[in-house]
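To start, the structure itself, in structure tokens.
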Amino acid sequence: MAFTPPLEKYAGKIREVVIGKGDKVVKLGGHNAMPGCIFDGDFPNLPKIALEVFDSAPEDWAPEAIKPYEDVVNDPVAWAKKAVDVYNAELVCLHLKSTDPNGENVGADEAAQLAKKVSDSISVPLIVLGSGNAEKDGEVAAKVCEVCAGQNLLVGLAVEDNYKKIGAAAIGYGHCVAAQSPIDVNLAKQLNILLDNLGVPLDKIVMEPSTGALGYGIEYTYSVMERIELAALSQNDDKMQLPIMNIMAVETWKTREAKLDVDAEPTFGDLSKRGILWEAMTAVDLILSGTSLLIMRHPEAVRLTKEIIEELYLGK
Amino acid sequence: MGLTGIQIYKLLPKTNCKECGEPTCLAFAMKLAAGKAELAKCPYVSDEAKEQLSEASAPPIRGITLGTGENAFKIGEEVVLYRHEKTFVNQPGYGILITDTMDDTEVEAKIKRLNEMFFERVGLTLTADFAALKNESGDPSKFESLTQKVMGLTQKALVLISENVDALSAAGKVAKDRRPLLYAATKENADQVGALAKELGVPVAAKANGLDELIELSEKLTSIGLKDIVLDPGNRKLKDLYADLHFHRRAALKDKFKPLGFPFITFPNEMTDDPMKEALYAAIFVAKYAGLIVLSDLDAHRMLPLTVQRLNIYTDPQRPMIMEQGIYEINKPDKSSPVLLTTNFALTYFIVSAEIEASRVPSWLLVMDTEGLSVLTAWSAGKFVADAIAPFVKKSGIEEKVDHRNIIIPGYVAQISGELEEELGGDWKVVLGTREASDIPAFLRTYASKG
Ligand code: B12
Ligand code: SF4
């Protein structure tokens with residue numbers, strides 16, 4: 001008697017979220033089974049990879065992470081173009097880090113103009129994130145929405161303290177919202193409900209569950225994501241059926257494992273490969289736990305991750 | 001596990017003699033089913049019933065031990081699909097491939113890496129587990145002498161790889177006291193390899209072409225009385241193997257399907273020539289259901305992330321690892337040495353203390369009980385805030401150990417500086433440290449030189 005593989009059929013399905021406009025469009029989500037389980041269901045859209053661009057030259061990056069961008073770190077537009085043309089980014093993620101009120105405190109107008117310039121000069125959709133200061137991020141994101149009206153960017157981070165401002169601007173000017181909650185299934189759901197009540201369509205939201213790197217909290221992120229996906233699929237929980245994104249490169253490249261050279265840590269081995277693998281392995285964990293969009297940094301880590309996605313889902 | 005009270009009752013003597021301490025056999029059966037009694041309490045159960053009951057209560061995926069003594073490790077016995085349901089139980093073993101066509105220098109270098117590769121992390125030692133010896137030459141005597149040589153060089157567990165029965169037998173006899181895994185029984189040689197495993201009393205792997213054939217093989221090995229079995233469905237493509245690993249775990253746990261109720265062995269080394277890709281496959285198999293993982297080599301830059309991956313996936317998601325609250329001395333501090341403050345999340349403590357140590361600056365590290373939460377998590381949870389920190393600092397005894405009143409706090413909690421200074425009172429000054437621990441050495445050196 002032949003063995004019948006035990007399949008899992010779920011009642012629910014993750015919404016499809018479309019980012020971008022016209023001929024530069026990326027679709028996220030749309031699946032109805034757990035990560036990589038193509039035997040259980042359909043995955044119309046595989047996990048996508050965005051590459052990072054910063055609005056000012058990074059100061060404390062690991063040398064290995066800077067190398068691929070050395071010639072463009074002072075020019076965000078050139079940086080974004082290189083990410084797309086040379087490193088095949090499927091999306092670009094612009095971090096408006098200089099808007100930090102405790103840092104350079106660049107104004108919302110100036111930041112929004114930069115976002116528009118970057119968006120206009122690349123052939124893929126754009127994600128725009130602030131500095132992590134909730135209040136200022138609300139202001140900046142609202143301005144970005146206005147200046148880039150109609151481009152259907154993915155704008156954030158909307159958190160509990162600023163979601164109204166970002167949500168309203170996103171509705172008004174036709175964009176998607178990146179909503180971050182602190183590593184908790186119920187809090188993720190709660191923020192979706194708040195945005196929904198505000199009038200943001202649920203198929204215009206992507207969830208960021210708070211991302212820890214390998215060795216720095218990935219085990220928590222991993223399980224929260226699995227629980228979110230399971231709630232969405234098996235409990236058919238409408239308010240959970242949104243694709244997940246992970247702002248992961250920032251977390252991986254600040255670890256000592258990605259930064260310390262062999263002289264400082266003789267047992268750690270080759271620094272450049274170690275950093276790349278730290279990023280790629282974090283990415284793989286996030287794929288296995290249900291991400292739809294990874295925000296990555298090193299082109300070699302991206303290449304490896306992309307190959308894993310294609311092998312896992314397409315059998316390449 | 002598995003059997004209901006009624007099913008168990010049917011296997012009991014049904015005499016209601018009460019010697020087990022229960023009024024009736026049925027009551028005893030109910031307690032057994034609920035895991036609240038031990039079968040041994042009934043003096044009258046037949047041997048046959050005992051066997052049936054112990055089989056029914058066996059874990060759905062059999063636990064298999066490879067190696068002996070300090071180097072023994074166990075795989076299998078997993079009971080859930082997702083780690084948030086219950087902690088994964090036995091970490092998969094990592095092994096290094098060594099063939100009998102490699103020259104002595106290469107063999108020795110590889111064994112040295114196996115023996116010496118370890119990382120300290122959160123107070124634990126992370127290592128690799130076994131050598132996978134492969135009979136690439138096809139020559140039984142070469143395989144035998146490789147096994148002999150390796151046994152002399154390492155105490156770690158062994159997996160012996162050959163489909164040649166003579167070779168497996170020769171090497172198996174040499175290694176049998178080490179409790180090696182014989183790999184593999186195939187459709188062609190299952191009878192002989194099965195008999196060999198039985199004779200030597202060691203675990204055996206079944207290698208097949210796909211799950212159907214694997215199930216047949218597994219049943220065959222079981223039927224000749226073998227219990228310690230490891231499975232390889234033969235697929236070397238990620239997509240197919242990923243499916244097999246899922247079907248195996250689901251069938252074993254949900255359907256109690258015995259033929260697949262054994263740990264799986266995987267071979268990332270045979271799936272690619274790219275060492276980075278190989279490491280990623282291994283990471284996937286750690287998360288998704290492998291028991292043994294064979295790697296082409298154990299380079300530090302790949303094993304560091306891989307051993308951390310295994311630690312992360314297999315740690316208890318409910319309970320963070322913690323440190324004891326108190327004053328930690330680093331680099332032999334004295335009365336003028338700087339005082340730093342952190343939380344008692346083991347990960348946070350180990351990162352911070354490693355960086356302070358690396359700075360070579362003698363320092364006092366105050367570790368506060370935040371119930372094992374990291375700096376920002378503890379701050380958000382209201383456990384690492386001024387009115388909790390101040391009493392801890394005062395009672396810690398640090399005021400007797402130093403003659404200054406400066407305390408360096410993590411950069412991420414800059415917002416508590418003012419309030420903390422107020423709560424501490426007296427001459428206490430709060431100094432804002434760096435955000436990332438990796439910047440601590442530079443910070444401490446400048447800080448110390450300023451005096
Ligand atoms: C894993 C995690 C959890 C785990 C807990 C893990 C643990 N044991 O702490 C869980 C899931 C339980 C959790 C829960 C919560 N979390 Co949480 N969590 C994280 C996550 C993903 C990683 C944290 C981590 O492990 N970091 C690694 C450790 C090593 O970092 P660390 O302790 O800060 O140490 C570093 C530095 O601070 C520095 N350092 C440390 N000590 C010292 C000392 C000195 C002197 C110096 C100079 C430097 C220094 O060195 C270290 C390395 O650089 C972060 C997001 C992120 N990516 O950081 C969110 C995060 C910390 N969590 C957050 C929140 C809000 C919460 C909750 C309050 C949510 C809720 N309402 O339920 C709860 C509270 C828990 C409770 N019991 O009530 C927020 C905090 C927001 C903020 N900015 O204040 C974060 C930032 C997520 C977010 N983006 O919103 N969380
Ligand atoms: S000791 Fe055994 S036979 Fe006697 S009552 Fe208990 S279960 Fe029944």
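Note that the structure is predicted; figures quoted are calculated from it, not measured. Chain letters run A, B, ... following the sequence lines, proteins first, then strands; residues in each count from 1.
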Check: Less than 4.5 Å apart, any side-chain heavy atom of B:Y82 and any of A:M34?
Finding: yes

Notebook entry, point to check: If you round to the nearest 0.5 Å, how far is CG of B:L280 from CD of A:E307?
Noted result: 10.0 Å

Notebook entry, point to check: Any idea which of B:I284, B:D299, B:V286, B:T348 has the most non-hydrogen atom pairs under 4.5 angstrom with chain A?
Noted result: B:I284

Margin query: Could you measure the distance from the OH atom of B:Y242 to the CZ atom of A:F39? Nearest 0.5 Å is fine.
Written below: 7.0 Å

Item checked: Part of residues 308-316 of chain A lying next to chain B, heavy-atom separation under 4.5 Å -> A:I308, A:E311, A:L312, A:Y313, A:L314, A:G315, A:K316

Next item on the list: Select, from B:V122, B:L306, B:D244, B:T377, the one with the greatest count of heavy-atom pairs under 4.5 Å involving chain A.
Entry: B:L306

Item checked: NZ on B:K288 to CG on A:L288, rounded to 0.5 Å -> 6.5 Å

Checklist line | Which portion of A:R256 sits near chain B, non-hydrogen atoms under 4.5 angstrom | finding: side chain

Notebook entry, point to check: For A:K273, is it the side chain, the backbone, both or neither that has a heavy atom under 4.5 Å from a heavy atom of chain B?
Noted result: both

Notebook entry, point to check: Do you know which of B:I351, B:D255, B:D439, B:L311 has the most heavy-atom pairs with chain A at a distance under 4.5 angstrom?
Noted result: B:I351

Checklist line | Test: B:R121 cationic atom under 6.0 Å from A:Y216 six-membered ring centre, within 45° of axis | finding: yes

Notebook entry, point to check: For chain B, which residues of residues 274-281 of chain A have at least one non-hydrogen atom nearer than 4.5 Å to it?
Noted result: A:R274, A:I276, A:L277, A:W278, A:A280, A:M281

Note to self: Does any backbone or side-chain atom of A:D40 lie under 4.5 Å from a heavy atom of chain B? Answer side chain, backbone, both or neither.
What the structure shows: side chain

Check: Atom CG of B:L211 and atom CZ of A:F3: how far apart are they, to the nearest 0.5 Å?
Finding: 6.0 Å

Next item on the list: Decide if atom CD of B:E270 counts as having more than 12 heavy atoms of other residues, nucleotides or ligands within a radius under 6.0 Å.
Entry: yes

Checklist line | Interatomic spacing from NZ in A:K254 to CD in B:E436 - rounded to 0.5 Å | finding: 4.5 Å

Item checked: CG (B:D274) with more than 12 external heavy atoms under 6.0 Å -> yes

Check: Considering residues, nucleotides and ligands other than B:Q415, do more than 12 of their heavy atoms fall under 6.0 Å from its CD?
Finding: yes

Notebook entry, point to check: Where does A:L271 contact chain B at under 4.5 Å (heavy atoms): side chain, backbone, both or neither?
Noted result: neither

Item checked: Spacing of CG belonging to A:L214 relative to CD1 belonging to B:I313, to within rounding of 0.5 Å -> 9.0 Å

Item checked: Which portion of A:E8 sits near chain B, non-hydrogen atoms under 4.5 angstrom -> both

Check: Is the shortest heavy-atom distance from the side chain of A:D285 to the side chain of B:N312 under 4.5 Å?
Finding: no

Notebook entry, point to check: Side chain, backbone, both or neither: which part of A:D60 has a heavy atom under 4.5 Å from chain B?
Noted result: neither

